[in-house]
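Working notes, beginning with the structure itself.
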Amino acid sequence: NPELAKKIILETKRGAGNLPVSVKTRIGYSENTIKDWLPYLLETEIAAIILHLRTRKEMSKVAAHWEVGREAVDIVNKYSPQGARTLILGNGDCLTTQEAEEKSKEYGLDGVMIGRGIFGNPWLFDKSGRIISSKEKLEAMLEHTKLFSDLYQIDPETGFGLKEFSVMKKHYKAYAHGFDGAKELRIKLMKTKNVSEVEAVTTDWILQNS
């Protein structure tokens, strides 16, 4: 419903005042409809559009259609008013900052949003080239778990709060990955119910493998 979407965006802008408003969207629902969809967004003169370069139907089952990013840039250049150009950022399958920079240049994008590439890798923007040890990864995972539990007020007994504790577990596969014994550690982590159990499992693994 493009008209409803436009109304929601305009009301959001009105409520946001001087804060810039951006929209993240896919290239279409079951097919690429960017030529019809993007102009509706551009009419609202939003600050930026983050374009996930797959349809809703495709989810993440196919490679991102980066060529559509170039198409989107052409549409933006055509529709945006002089001096108030909406930024276009691509999204999909980028796992490193180097790859993001290459995609931006190749397809004429203003930038790239990295999604799954940050999972288990809070060092993504560290350009020092240093090797991150398994111990450092697991310590970061534990800190992440504690922050998650505190922020969402997770009850250690029930695992419920503003979010469920189980939501955090999607990150464990990414943190506990690429080193000896990682699979066995992940199995144990997936059985945990609260921060204390994660801390016990993680600390035990670090002590045994230091």
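Source: prediction; values computed, not measured. Quick note: residue numbers are just sequence positions, from 1.
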Please assess N121 against I118 for the test side chain to side chain contact (heavy atoms under 4.5 Å, CB included), listing each intermediate value before the final yes or no.
CA-CA 5 Å; N121 185 20; I118 197 69; 5.5 Å; no
Assess the residue pair V195 and S149 against the criterion (side chain to side chain contact (heavy atoms under 4.5 Å, CB included)); give the C-alpha distance rounded to whole Å, side-chain angles, the decisive distance to 0.1 Å, and a yes or no.
CA-CA 7 Å; V195 173; S149 186; 3.3 Å; yes
Given the rule in the side chain to side chain contact (heavy atoms under 4.5 Å, CB included) test, do K35 and E71 qualify, once you have shown the distances and angles that lead to the verdict?
CA-CA 8 Å; K35 289 181 179 178; E71 183 182 354; 3.1 Å; yes
Could you go through the salt bridge (Lys or Arg N to Asp or Glu O under 4.0 Å) check for K169 and E197 one step at a time?
CA-CA 13 Å; K169 293 183 179 181; E197 292 183 6; over 6 Å; no
Verdict with reasoning, L189 to M141, per side chain to side chain contact (heavy atoms under 4.5 Å, CB included)
CA-CA 11 Å; L189 288 168; M141 179 193 75; 3.8 Å; yes
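When side chains are defined from C-beta on, R130 counts as touching E136, because their heavy atoms get closer than 4.5 Å. The side-chain heavy atoms of I9 and V23, taken from C-beta on, include a pair separated by under 4.5 Å. You'll find the side chain of E102 stays beyond 4.5 Å of the side chain of K105, heavy atoms only. Considering only heavy atoms from C-beta on, S30 stays 4.5 Å or farther from R56 through its side chain. Using a 4.5 Å heavy-atom cutoff, the side chains of E45 and K13 are in contact. Under the 4.5 Å side-chain criterion, counting only non-hydrogen atoms from C-beta, S134 is in contact with W205. Side chains of S22 and I49 form no contact here, defined as non-hydrogen atoms less than 4.5 Å apart. Here the side chains of V198 and K146 are not in contact, with every heavy-atom distance at 4.5 Å or above.
At distances below 3.5 Å, at least one donor-acceptor pair connects side-chain atoms of T44 with backbone N or O atoms of L41. Proximity of a side-chain donor or acceptor of E164 to a complementary backbone N or O of F160 within less than 3.5 Å is not detected. A side-chain donor-acceptor contact under 3.5 Å links N194 to the backbone of P156.
The local environment of NZ in K173 is sparse, with at most 12 non-hydrogen atoms from other residues, nucleotides or ligands closer than 6.0 Å. More than 12 heavy-atom neighbours from other residues, nucleotides or ligands sit within 6.0 angstrom of CG on N1. For E157, the CD atom sits in a loose shell: 12 or fewer heavy atoms of surrounding residues, nucleotides or ligands are nearer than 6.0 Å. Environment of CD in Q98: sparse, with no more than 12 heavy atoms of neighbouring residues, nucleotides or ligands closer than 6.0 Å. Counted within 6.0 Å of NZ on K188, heavy atoms from surrounding residues, nucleotides or ligands total 12 or fewer; the atom is thus considered open.
Here E43 does not pair with K7 in a salt bridge; the nearest charged N to carboxylate O distance is not below 4.0 Å. Classification of D93 and K103 as a salt-bridged pair fails, no side-chain N sitting under 4.0 Å from a carboxylate O. Under the 4.0 Å criterion applied to side-chain N and carboxylate O atoms, E58 and K61 are not assigned as salt-bridge partners. Here D74 does not pair with R70 in a salt bridge; the nearest charged N to carboxylate O distance is not below 4.0 Å.
Cluster annotation: V62 is not connected to M59 through the hydrophobic network of ILVMFWY side chains, with a link wherever side-chain heavy atoms come within less than 4.5 Å. Connection of M113 to L87 is established within a shared hydrophobic cluster, with ILVMFWY side chains joined at heavy-atom distances below 4.5 Å, either directly or through further cluster members. Each of L19 and I46 belongs to its own hydrophobic cluster when Ile, Leu, Val, Met, Phe, Trp and Tyr are linked at side-chain heavy-atom distances under 4.5 angstrom. A single hydrophobic cluster is seen to contain both V201 and I206, as judged by linkage of ILVMFWY side chains at heavy-atom distances under 4.5 Å, directly or through other members. Y172 and I187 sit in two unconnected hydrophobic clusters of ILVMFWY residues. Membership requires side-chain heavy atoms under 4.5 Å apart, directly or through other members.
Atom OG1 in T145 sits 4.0 Å away from atom CE in M168 (nearest 0.5 Å). Here L95 contributes atom CG and R116 contributes atom CZ; the two are 7.5 Å apart, rounded to the nearest 0.5 Å. Between L138 atom CG and L185 atom CG the span is 6.0 Å, to the nearest 0.5 Å. Once rounded to the nearest 0.5 Å, the distance linking CD1 of I75 with CD1 of I88 reads 8.5 Å. Put simply, CD on E139 and CD1 on I132 are 11.5 Å apart, with the number rounded to the nearest 0.5 Å. Separating the OG1 atom in T25 from the CG atom in L38 is a distance of 8.5 Å, to the nearest 0.5 Å.
Between P122 and A140, the shortest heavy-atom contact is CG-CB, 4.5 Å. Heavy atoms only, all atoms of each residue included: G28 and T33 are closest at CA-OG1, 3.6 Å. Of all heavy-atom pairs between W66 and V112, the closest is CH2-CG2, 4.0 Å. Scanning all heavy atoms of the two residues, the minimum distance from I114 to G117 falls at CG2-CA, 3.8 Å. The minimum heavy-atom distance between A47 and P20, with the atom names listed, is CB-CB, 3.7 Å. The minimum heavy-atom distance linking L142 with E199 is given by the pair CD1-CA, 3.6 Å.
Residue pairs satisfying the salt bridge (Lys or Arg N to Asp or Glu O under 4.0 Å) criterion with at least one member in residues 15-32, sequence neighbours excluded, are absent.
The ring-ring contact (aromatic ring centres under 6.0 Å, His included) test applied to H144 returns H171, Y175, not counting sequence neighbours.
Exactly one of V76, L89, L51, V73 qualifies for a side chain to side chain contact (heavy atoms under 4.5 Å, CB included) with L109. That residue is V73.
Side chains of T86 and Y79: no donor on one and acceptor on the other come within 3.5 Å.
The six-membered or imidazole ring of Y29 lies away from that of W37, with a centre-to-centre distance of 6.0 Å or more.
A cation-pi arrangement is not found for K6 relative to Y40, the charged atom failing to lie both closer than 6.0 Å to the ring centre and inside a 45° cone about the ring normal.
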